[in-house]
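Data first, discussion second: the structure below is written as structure tokens.
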Amino acid sequence: MNKLTLRQQEILGFIQLYARQQGTWPSIRDIMRHFGFVSTNAVMGHIRALERKGALSRVPGQARTYRITCQLGDGDIPKGALEVVELPILGPIAAGYPDGIEPAGVTQTLQVDIETAGLRRARRTFALKVTGESMIDAGIEDGDMVVVEQATPKHNDIVAALIDGGTTLKRFIHLPGQPPYLKAENKNYPKLFPLHELVIQGVARSIIRSL
């Protein structure tokens, strides 16, 4: 195994200690908060470095699931793994008035762990970059990356939607006996009622923010 930097040793040690004390692996956000990193991407950079140096290894047959290969100090850690998925970023989505932008295809990817993102393994998941401020009262800001899972929406879910030819990120409102519509989380934006078409492309599960 190649020599680890001091920070890589600290991260590996934290993963081991957390696993012993909690009985499960820390999430990417747990690691981020503990070390004061400003983004999950910084954590993933260290995870990839630990993999390259042989301190972590991927579990065969599970796309991006890691286990500790070497340990710092004595003692076993509980069985478990940090499961990381690589999501395609399909382009921008308006958190404002709907726009006519079509997904640009896979322009880049985003790596998140399943626990942090609140995802299910069997469903197609992707990421979109938010543009606009219509969802700021829900904690979603311009420039955030939203992780979207293809699923049937429930009343009050935040969704990526196609409404009358325009794409947007809004809250899905479907009250009993009434047709569904989209609601902004900013008092300066109106409710959106479809004239012809409302297609839910996915349900927002989490946001990733770079500070």
Side-chain angles (χ1 to χ4, degrees), residues 27-30 32-33 37-44 84-120 123-211:
S27 70
I28 296 295
R29 289 196 178 276
D30 289 329
M32 183 182 76
R33 285 191 294 266
F37 294 128
V38 297
S39 74
T40 57
N41 286 339
V43 179
M44 285 309 308
V84 177
V85 293
E86 190 168 49
L87 306 180
I89 300 174
L90 299 184
I93 187 166
Y97 294 99
D99 59 36
I101 296 176
E102 292 294 326
V106 180
T107 57
Q108 53 184 319
T109 59
L110 177 72
Q111 292 179 320
V112 297
D113 71 289
I114 285 180
E115 180 183 349
T116 295
L119 304 177
R120 300 180 186 180
R123 292 183 176 173
R124 182 172 181 262
T125 309
F126 53 93
L128 297 165
K129 187 172 184 178
V130 175
T131 62
E133 299 182 340
S134 72
M135 298 300 289
I136 57 174
D137 290 339
I140 302 174
E141 301 179 3
D142 182 54
D144 284 349
M145 203 71 70
V146 62
V147 176
V148 178
E149 182 179 67
Q150 288 190 335
T152 302
K154 299 177 182 177
H155 170 67
N156 224 35
D157 277 346
I158 294 175
V159 299
L162 178 69
I163 180 168
D164 295 330
T167 58
T168 191
L169 185 75
K170 293 291 184 291
R171 195 173 293 281
F172 178 74
I173 304 298
H174 194 183
L175 300 172
Q178 299 183 28
Y181 66 92
L182 302 178
K183 176 179 175 290
E185 290 292 346
N186 181 332
K187 64 181 181 180
N188 296 317
Y189 289 81
K191 298 175 182 177
L192 299 176
F193 296 89
L195 296 176
H196 305 290
E197 177 186 48
L198 176 60
V199 178
I200 305 304
Q201 299 168 314
V203 177
R205 296 303 188 197
S206 61
I207 61 171
I208 308 293
R209 177 172 300 149
S210 296
L211 299 178

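The analysis underlying the following values was restricted to heavy atoms, covering all of them including side chains, and did not include hydrogens, waters or symmetry mates.
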Side-chain heavy-atom pair I140, L169 within 4.5 angstrom cut-off = yes
key: For A204 against V146, the heavy-atom pair lying closest together   = CB-CG2, 3.6 Å
query = Would you find a donor on one side and an acceptor on the other, under 3.5 Å apart, between the side chain of H174 and the backbone of H155?
reply = no
inquiry  = With heavy-atom distances below 4.5 Å as the criterion, would you say the side chains of I89 and F126 are in contact?
reply    = no
key: Check against side-chain contact (heavy atoms from CB on, under 4.5 Å), V147 and T125   = CA-CA 7 Å; V147 176; T125 309; 3.6 Å; yes
ask   = Could you give the distance from CE (M44) to OG (S39), rounded to the nearest 0.5 Å?
value = 11.0 Å
key: Flag side-chain contact, heavy atom, 4.5 Å: L128 against M145   = no
inquiry  = Side chains of T168 and L182, heavy atoms from C-beta outward: is any pair under 4.5 Å?
reply    = yes
query = Any idea which heavy atoms bring P92 and T131 closest together, and the distance?
reply = CB-CG2, 4.1 Å
By salt bridge (Lys or Arg N to Asp or Glu O under 4.0 Å) - contacts of E133 (at least two apart) = none
Spacing of I173 atom CD1 and Q178 atom CD [to the nearest 0.5 Å] = 10.5 Å
query = Which pair of non-hydrogen atoms, one from G132 and one from D142, has the smallest distance, and what is that distance?
reply = N-OD1, 2.8 Å
key: Pairwise side-chain contact, K154 with N156, heavy-atom cut-off 4.5 Å (strictly under)   = no
inquiry  = So which atom in V159 and which in P153 form the shortest heavy-atom distance, rounded to 0.1 Å?
reply    = CG1-CB, 3.9 Å
Minimum side-chain heavy-atom gap D157-R171 below 4.5 Å = no
task = Nearest 0.5 Å please: distance from the NZ atom of K187 over to the OG atom of S134.
result = 15.0 Å
ask   = Can you check whether I158 reaches M135 side chain to side chain, under 4.5 Å on heavy atoms?
value = yes
key: Least distance between heavy atoms, K170 atom then A94 atom   = NZ-O, 4.2 Å
ask   = Which heavy-atom pair separates G139 from I207 by the least distance, and what is that distance?
value = O-CD1, 3.3 Å
Under 3.5 Å, which donor-acceptor pairs link side chains of residues 188-199 to any protein atom two or more places apart or in another chain?
from : atom 1 : to   : atom 2 : distance (Å)
N188 : ND2    : N186 : OD1    : 3.4

message = Let's go through R29 and T40 carefully: what are the C-alpha distance in whole Å and the side-chain angles of both, what is the deciding distance for side-chain contact (heavy atoms from CB on, under 4.5 Å) to 0.1 Å, and is it a yes or a no?
response = CA-CA 7 Å; R29 289 196 178 276; T40 57; 4.0 Å; yes
